[in-house]
Every structure is written in C-alpha cells, then in structure tokens.
Number of protein chains: 2
Amino acid sequence: MQIGAAAEASGVSAKMIRHYESIGLIANGARRDNGYRDYDQRDLHELRFIRSARDLGFSLEEIRALLDLWRNKARSSRDVYALAARHLHQIETKITELQAMSQTLRQLLHACHSDQRPECPILDGLGGEGIRGVHR
Amino acid sequence: MQIGAAAEASGVSAKMIRHYESIGLIANGARRDNGYRDYDQRDLHELRFIRSARDLGFSLEEIRALLDLWRNKARSSRDVYALAARHLHQIETKITELQAMSQTLRQLLHACHSDQRPECPILDGLGGEGIRGVHR
DNA sequence: CCTTGACCTTCCAATCATGGGAAGGTGTTG
DNA sequence: CAACACCTTCCCATGATTGGAAGGTCAAGG
C-alpha cells in the first residue's frame with residue numbers, strides 16, 4: 001500500500017504521514033525498491049489511532065505518549081486515564097474561556113444598533129479599559 | 001512614554017508592540033532623538049483597544065479591520081456589528097466542536113477502570129474506526 | 001519508442017501570535 | 001568609570017498543517 005492509499009484509508013494526509021515519520025511519531029517503515037513507502041494494516045491502524053486522537057484534540061506530544069501506552073502491553077489503564085483526563089480538563093478550560101468571550105461579545109452586539117450611524121458600543125467597549133475575555 | 005511603560009500600561013508586551021508596528025497594525029509612531037519609540041495617551045488607547053480585542057479572540061486581521069472602523073468617523077455601526085457577529089459565530093462553532101470532543105472524552109473516561117491492568121476502553125476507542133470529535 | 005499523467009521522493013517556505021535571545025546603543029546612578 | 005536598566009534591530013523557535021518546487025517511477029496509450 002502506497003502512501004496515497006494509506007492517507008485515503010486513514011484520513012491522515014500523505015503530507016502529515018511523512019511529517020509524523022520525520023518527528024518519530026511513527027517508525028521509519030518499510031520501503032519498496034523504488035524508495036516508495038509501503039504500508040500494511042498495522043501501519044494503517046496506527047494512523048487511524050493518530051487521526052482519532054487528533055480529532056479529540058490531543059497534541060502530537062500527547063499522542064506520542066498515548067502511542068507508547070498503546071504499544072506497551074504492560075501499561076496500566078490508570079496512566080491512560082490520567083493522560084486523557086488531563087486533556088479533558090484542558091478542553092473544558094478552553095470551553096470556559098470561549099464562553100466568557102462569547103458572552104461578552106453577545107452583550108456588546110446586543111447593545112449595538114447596527115445601523116448606518118457611527119456610534120457603536122462594540123468599539124466603545126473595546127476602547128474602554130479592560131474586557132472580560134479571560135485569556136492570557 | 002517609552003515602550004516599556006506603554007507595555008506595562010496597555011497589557012501588550014513591548015515585543016508585540018514592535019511587532020504590531022512592523023506589520024502596520026499601528027503606525028510607525030514618534031521617536032525621540034536617541035531612536036527610542038515615544039508613546040502618548042492616544043497610542044496607549046490604541047494598544048488597549050488591541051489588547052481587549054485579542055482578549056475577545058479577534059485575529060490580528062480582524063483587529064486591523066476593527067481599528068480601521070474605529071478610526072473612521074464615517075463608519076456605520078452595522079459594519080462593526082457584522083464583523084463582531086461573524087467572530088462570535090466562529091467562537092460558537094469552536095465551542096460546539098470542543099463540547100463534542102469533551103463529551104466523547106468523558107464517555108471514554110467513564111468506561112475506563114483506571115487501575116493497574118492494561119485493558120483500556122480509551123485506547124480501544126482511539127484504535128477503533130472513527131471518533132466523533134468533529135474537527136477537520 | 002515516447003509521451004502523458006498519476007503517482008512518489010526530498011526540501012524549503014508560509015501560516016498565526018508570541019517569546020527568546022544575541023549584539024549593541026543609551027542613560028542614570030553610585 | 002562601572003553597573004544596571006533601559007532601548008534598538010535581527011534572527012530563530014514554537015505547533016500543526018499546507019503549498020509548492022524539482023525531480024524520480026511507473027503504467028497505459030498513441
């Protein structure tokens with residue numbers, strides 16, 4: 001299986017497959033005589049794993065750790081749980097931040113007449129001292 | 001007012017103030033004889049505006065547009081509203097995506113025993129075919 | 001036999017917002 | 001005069017991904 005087919009089947013672009021290989025996330029796999037990369041079902045499984053983890057927002061470093069656990073038969077599910085729980089917490093923190101932003105934005109939008117006149121509470125709000133957008 | 005004081009007062013780092021200047025987000029302002037940048041209350045107001053907009057998640061390109069509107073006395077609040085509304089929509093989309101991720105993660109975490117054994121529904125879920133994390 | 005087109009290879013660059021650090025100038029204080 | 005706290009410009013790194021250039025490989029069709 002060439003890289004294009006593996007990309008198609010896994011949902012990971014050929015570009016990214018090469019990149020993951022270059023940073024050591026996946027092993028430098030088999031090559032054919034012509035130098036083309038060759039993928040089997042095992043590789044495909046790994047790529048799909050990565051794809052799923054990316055879809056859940058795990059960083060490549062987190063995925064590196066997840067792959068280590070996945071490959072390690074002597075792992076404890078506690079370690080996996082801890083990693084995933086930490087990530088969930090990050091996501092929830094992010095959601096909270098975004099909700100604070102969206103709430104402030106909605107208030108500003110609500111105060112704005114949205115007509116042809118220049119007066120605008122949105123600009124006034126941004127120009128004022130200090131927006132509660134959490135962040136930084 | 002030197003750049004350090006302006007940074008302190010605006011919440012925008014000196015590094016970023018120079019950067020904003022270099023990309024034309026703020027004007028190439030006044031310099032003293034020694035070459036040091038010099039800031040007044042007007043500049044400070046602008047920096048605070050940028051800082052607030054960043055806190056609300058606006059990109060620098062969106063902020064560029066907002067600043068244009070802010071400086072333009074003949075603006076219509078409708079244009080400001082449209083820009084902000086578009087941004088709010090992006091944020092809400094992002095929140096929805098993150099909520100989908102967090103829900104899937106919570107389900108996986110809930111199924112995991114989190115003990116010393118290797119069996120782990122989290123890894124199984126990631127290895128399975130297709131995670132509903134929205135995204136990409 | 002040669003061309004076309006669809007693959008593949010490596011390498012370099014761009015994105016976005018920010019920070020780190022080097023190498024050097026300026027200015028005040030002890 | 002030295003120490004220190006500023007400032008200047010310039011280059012590089014981050015994270016994940018994409019784009020593109022320049023070139024090799026291979027099968028089908030004229």
Side-chain angles (χ1 to χ4, degrees), chain A residues 1-26 28-39 43 47 49-67 87 90-91 94 97-98 101 133-136, chain B residues 1-26 28-39 43 47 49-67 87 90-91 94 97-98 101 133-136:
Chain A
M1 195 177 208
Q2 293 190 163
I3 198 170
E8 175 77 15
S10 67
V12 178
S13 74
K15 216 85 176 163
M16 290 316 295
I17 296 177
R18 294 193 195 96
H19 180 58
Y20 293 160
E21 186 186 306
S22 83
I23 63 172
L25 196 63
I26 54 181
N28 282 38
R31 297 275 185 144
R32 295 209 205 143
D33 290 347
N34 55 17
Y36 289 11
R37 287 171 182 81
D38 198 10
Y39 297 93
D43 300 320
L47 288 172
F49 182 97
I50 294 174
R51 170 66 204 250
S52 294
R54 289 295 296 134
D55 282 353
L56 287 183
F58 286 98
S59 73
L60 293 190
E61 282 316 304
E62 288 169 326
I63 293 176
R64 193 187 296 275
L66 283 172
L67 281 171
H87 178 58
Q90 287 169 11
I91 288 181
K94 189 73 190 168
E97 289 174 6
L98 289 174
M101 291 185 205
V134 185
H135 222 17
R136 211 175 342 281
Chain B
M1 196 177 210
Q2 293 191 162
I3 198 171
E8 176 77 15
S10 67
V12 178
S13 73
K15 215 86 179 163
M16 290 316 297
I17 295 178
R18 293 195 195 94
H19 180 59
Y20 294 160
E21 185 185 308
S22 82
I23 63 173
L25 196 62
I26 54 182
N28 282 38
R31 298 274 186 145
R32 294 208 207 145
D33 290 346
N34 55 16
Y36 289 12
R37 287 171 181 80
D38 198 9
Y39 298 92
D43 300 320
L47 288 172
F49 182 97
I50 295 174
R51 169 65 202 251
S52 294
R54 290 293 299 134
D55 283 352
L56 287 183
F58 285 98
S59 73
L60 293 189
E61 281 318 302
E62 287 170 326
I63 293 176
R64 192 187 297 274
L66 283 172
L67 281 170
H87 179 59
Q90 288 170 11
I91 288 182
K94 189 73 189 170
E97 288 174 5
L98 290 174
M101 291 186 205
V134 184
H135 223 18
R136 213 173 342 284

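Per chain, numbering begins at 1; letters A, B, ... match sequence-line order.
Judged by distance alone, the side chain of A/Asp38 and the main-chain N or O of A/Ala30 form no donor-acceptor pair under 3.5 Å. Between the A/Arg51 side chain and the A/Val12 main chain, no donor and acceptor come within less than 3.5 Å of each other. Not one N or O on the side chain of B/His87 forms a donor-acceptor pair closer than 3.5 Å with the backbone of B/Ser59.
Counting to the nearest Å, the P atom of C/dA17 and the CZ atom of B/Arg64 are 10 Å from each other. For A/Met1 and C/dC7, the CE to C1' distance is 15 Å, given to the nearest whole Å. At whole-Å resolution of the value, CD1 in A/Ile23 and P in D/dA13 are 16 Å apart. Straight-line distance from the CD1 atom of A/Ile17 to the P atom of D/dA16: 17 Å, rounded to whole Å. Rounded to whole Å, the distance from CZ on B/Arg37 to P on D/dC6 is 17 Å. In this structure, CG of B/Asp55 is placed 14 Å from C1' of C/dT18, rounded to the nearest angstrom. A/His19 has its NE2 atom 8 Å from the C1' atom of D/dT17, to the nearest Å. Taking atom CG of residue B/Asp33 and atom P of nucleotide C/dG27, one finds them 9 Å apart after rounding to whole Å.
Positionally, the nearest nucleotide of DNA chain C for A/Tyr39 lies more toward the 5' end than for the other of B/Tyr20 and A/Tyr39.
The side chain of B/Ser13 lies closest to C/dG19 when the candidates are D/dT9, C/dG19, C/dT9.
The stretch residues 5-19 of chain B participates, sequence neighbours left out, in no salt bridge (Lys or Arg N to Asp or Glu O under 4.0 Å) pair at all.
Partners of B/Asn34 by side-chain contact (heavy atoms from CB on, under 4.5 Å), not counting sequence neighbours, listed by chain and number: B/Arg32, B/Tyr36. B/Glu21 is linked by a salt bridge (Lys or Arg N to Asp or Glu O under 4.0 Å) to B/Arg31, B/Arg37, counting only residues two or more places apart in sequence or in another chain. For the ring pair (Phe, Tyr, Trp, His ring centres under 6.0 Å) test, residues two or more places apart in sequence or in another chain that qualify with A/Phe49 are A/Trp70. Here A/Gln90 pairs with nothing under the side-chain hydrogen bond (donor to acceptor under 3.5 Å, both in side chains) rule; sequence neighbours left out.
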With 3.5 Å as the limit, what N/O pairs link the protein to nucleotides 22-25 of chain C?
| from | atom 1 | to | atom 2 | distance (Å) |
| --- | --- | --- | --- | --- |
| C/dG25 | N2 | B/Tyr36 | OH | 2.6 |

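Nucleic acid contact for A/Gln2: sugar-phosphate only, since backbone atoms but no base atoms lie under 4.0 Å from a heavy atom of the residue. Across all strands, A/Arg32 comes closer than 4.0 Å to no nucleic acid atom at all (heavy-atom distances). Residue A/Phe58 is out of contact with every strand shown, counting any heavy-atom pair closer than 4.0 Å. At a threshold of 4.0 angstrom between heavy atoms, the contacts of B/Arg18 include nucleobase atoms, whether or not backbone atoms are also involved.
Scanning all heavy atoms of the two residues, the minimum distance from A/Met1 to A/Ala9 falls at CE-CB, 3.9 Å. Scanning all heavy atoms of the two residues, the minimum distance from B/Ala6 to B/Leu47 falls at CB-CD1, 4.3 Å.
The end-to-end axis angle of the helix from C/dC1-D/dG30 to C/dG30-D/dC1, rounded to 10 degrees and based on five pairs per end, is 40°.
Side-chain nitrogen and oxygen atoms of B/Asn34 include at least one within less than 4.0 Å of the OP1 or OP2 phosphate oxygen of C/dG27. Residue B/Ser59 places none of its side-chain N or O atoms closer than 4.0 Å to OP1 or OP2 of C/dC16.
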